[in-house]
Protein chains: 2
Amino acid sequence: MKPNDAARSGPKSGSRDNSRDNSKPNAKPKSAGGDRRLGDFLCFAIYSANLAFGRAYRQGLDDLGLTYPQWIAIVALWEQDGQTVSELGEKMFLESNTLTPILKKLESMGYLRRQRDPADERQVRVSLTDEGRRLREKGMHMNLVASTGLKPDEFARLQENVVALRDNLIKATAEEA
Amino acid sequence: MKPNDAARSGPKSGSRDNSRDNSKPNAKPKSAGGDRRLGDFLCFAIYSANLAFGRAYRQGLDDLGLTYPQWIAIVALWEQDGQTVSELGEKMFLESNTLTPILKKLESMGYLRRQRDPADERQVRVSLTDEGRRLREKGMHMNLVASTGLKPDEFARLQENVVALRDNLIKATAEEA
DNA sequence: CACGAATACATCGCATACGATCTAATAAAA
DNA sequence: TTTTATTAGATCGTATGCGATGTATTCGTG
């Protein structure tokens, strides 16, 4: 089978039409209306930084045999055990449609238990098993990437600003509903 | 929305202290080993901020009929047309396994063309169609969320720090290979 | 108590991410 | 010039995110 039947052949002379070369508008367009370059988007900086973190953490997570969201769930449960799916979701900023499969997977791996709350059968309480706690301890010793290249004060301020940004975005998004 | 406290009437093995206290060691554990709370992880701040951005942008993107990575691709191609898949991937921090399906989708929507470079048939050059450019212009006028809640100087510094963080992570990850 | 509304999860479909692997085309070496 | 290695995309399987929807349980009101 051909690797690609589309995108093949074409009138396409050697001149690749860089006619559209917007490489340098003029001055800083900034937040005017939108003709900004990719590098000017804060959202893209966050998006790509998140990808970078995922890759930086991959080795350590592979050693644990976990994915990133799985690890987050373990950490969150270690902080407070017996949370409901909703509560856990609030902390992880995820909803049941995303969280349930992750929790089921972790349960199948033996790291946690999911059980309906007898007091309210709608709710599912999630709690770490001993093995899950051991995994969390194991993760302690693995310093998952320290190479942020930021000075301590920059690091702290960055952390605060990112959190503030996140919370503002969430608030603003919720408001316009 | 969240009336009850967790930790109550757990059906599980009784003696687990739900309120997992985590006894503050003394000072900031920081980069020590890892018994940090979720909120102390910079990676989690970035991760959740990225989720927040995705939600904040969703309405505007829905109006365009695009997803977030699709929109990024359009923006990147508008900056420079006729890029190869690799070049585009470098800017978007994605590889062909992720990028190809996105580009194929955008092609099927009529926003871009994918054609093998006659000079090197291994490469695929991607270029916006007129319709793709129109979409980019349309996106200009939609100021996708301004509510970061940050003062301009904070915003700029945050942007720089996030970019620096990302690049350092990538460099560090590449080095240990 | 009946019954519709609200709540808490779960399921489904689509769209990323990404490791592993494949193919075709080109480059490098023998 | 064969042979081999490298390169650029594409494909596949797995795991998120998330909108839309389904289902069981509980709540609220008459």
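Quantities reported herein were computed from a predicted structural model and do not represent experimental measurements. By convention in this document, chain letters (A, B, ...) are assigned in the order of the sequence lines, proteins followed by strands, and residues within each chain are numbered from 1. We use all heavy atoms of the structure for the numbers below, so side chains are in, but hydrogens, waters and symmetry mates are not.
- With a 6.0 Å radius and a threshold of 12 heavy atoms from other residues, nucleotides or ligands, B:Glu90 has its CD atom at or below the threshold.
- Between the CH2 atom of B:Trp71 and the C1' atom of C:dA15 there is a distance of 18 Å, rounded to whole Å.
- Criterion: ILVMFWY side-chain heavy atoms under 4.5 Å apart, direct or through other members. Under it, A:Ile74 and A:Phe93 are part of a common hydrophobic cluster.
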Contact list (N/O, under 3.5 angstrom) for nucleotides 15-19 of chain D vs protein:
| residue | atom | partner | partner atom | Å |
| --- | --- | --- | --- | --- |
| D:dA15 | OP1 | A:Lys105 | NZ | 3.3 |
| D:dT16 | OP1 | A:Thr67 | OG1 | 2.6 |
| D:dT16 | OP2 | A:Gln70 | NE2 | 2.8 |
| D:dG17 | OP2 | B:Tyr47 | OH | 2.6 |
| D:dC18 | OP1 | B:Arg55 | NE | 3.1 |
| D:dC18 | OP2 | B:Arg55 | NE | 3.4 |
| D:dC18 | OP2 | B:Arg55 | NH2 | 2.2 |
| D:dG19 | OP1 | B:Arg58 | NH1 | 3.0 |
| D:dG19 | N7 | A:Asn97 | ND2 | 2.8 |
| D:dG19 | O6 | A:Asn97 | ND2 | 3.2 |

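- Look at CZ on B:Arg114: it is 10 Å from P on D:dG9, rounded to the nearest Å.
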Protein-nucleic acid N or O pairs under 3.5 Å, nucleotides 23-29 of chain D:
| residue | atom | partner | partner atom | Å |
| --- | --- | --- | --- | --- |
| D:dT26 | OP1 | A:Glu121 | N | 3.1 |

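- For B:Glu160, there are no side-chain contact (heavy atoms from CB on, under 4.5 Å) partners, not counting sequence neighbours.
- Distance CG (B:Leu64) to P (C:dA15): 16 Å, rounded to an integer number of Å.
- A:Ser96 contributes a side-chain N or O that forms a donor-acceptor pair with the base of C:dA10 under 3.5 Å.
- At a cut-off of 3.5 Å, with distance as the only test, a side-chain donor of A:Ser48 or B:Arg166 sits close to an acceptor on the other residue.
- Classified by interplanar angle (parallel below 30°, tilted 30° to 60°, perpendicular above 60°), the ring pair B:Tyr57/B:Tyr68 is tilted.
- Helix-axis bend for the helix from C:dC1-D:dG30 to C:dA30-D:dT1: the local axis fitted to the five terminal pairs at one end deviates from that at the other end by 10°, rounded to 10°.
- Distance CG (B:Leu99) to P (C:dA15): 16 Å, rounded to an integer number of Å.
- Both B:Ile170 and A:Leu150 belong to a single network of hydrophobic side chains, linked directly or stepwise wherever heavy atoms of I, L, V, M, F, W or Y lie under 4.5 Å apart.
- Under a cut-off of 6.0 angstrom, the local environment of CD in B:Glu87 is crowded, with over 12 non-hydrogen atoms contributed by other residues, nucleotides or ligands.
- The closest donor-acceptor contact from the side chain of A:Gln159 to the backbone of B:Gly39 lies under 3.5 Å.
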For side chain to side chain contact (heavy atoms under 4.5 Å, CB included), just list the numbers for A:Thr67 and A:Ile102, CA-CA rounded to whole Å, side-chain angles, deciding distance to a tenth of an Å, and then say yes or no.
CA-CA 10 Å; A:Thr67 65; A:Ile102 296 175; 5.9 Å; no
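- In this structure, A:Glu107 places its CD atom 14 Å from C1' of C:dC9, rounding to the nearest Å.
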Table of protein N/O atoms under 3.5 Å from nucleotides 1-4 of chain C N/O atoms:
none

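- With hydrogens and angles disregarded, no donor-acceptor distance shorter than 3.5 Å links the side chain of A:Arg125 to the backbone of A:Gln83.
- The distance between atom NZ of B:Lys104 and atom C1' of C:dC14, rounded to the nearest whole Å, is 17 Å.
- In this structure, B:Arg116 atom CZ and D:dA8 atom C1' are separated by 8 Å, rounded to whole Å.
- Rounded to an integer number of Å, the gap from CG of B:Leu103 to C1' of C:dT16 is 13 Å.
- When the side-chain nitrogen and oxygen atoms of B:Thr84 are compared with OP1 and OP2 of D:dG9, one or more of them lie within a distance under 4.0 Å.
- Between A:Ala73 and A:Leu88, the closest heavy-atom pair is O-CD1, 4.5 Å.
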Chi angles and distances behind the side chain to side chain contact (heavy atoms under 4.5 Å, CB included) call for A:Lys105, A:Gln70
CA-CA 9 Å; A:Lys105 177 70 177 178; A:Gln70 286 167 2; 3.5 Å; yes
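- Every residue two or more places apart in sequence or in another chain that forms a side-chain contact (heavy atoms from CB on, under 4.5 Å) with A:Leu112 is listed here: A:Leu77, A:Leu103, A:Leu106, A:Glu107, A:Arg114, A:Val126, A:Leu128.
- Within 6.0 Å of CD on A:Glu154 lie more than 12 heavy atoms contributed by other residues, nucleotides or ligands.
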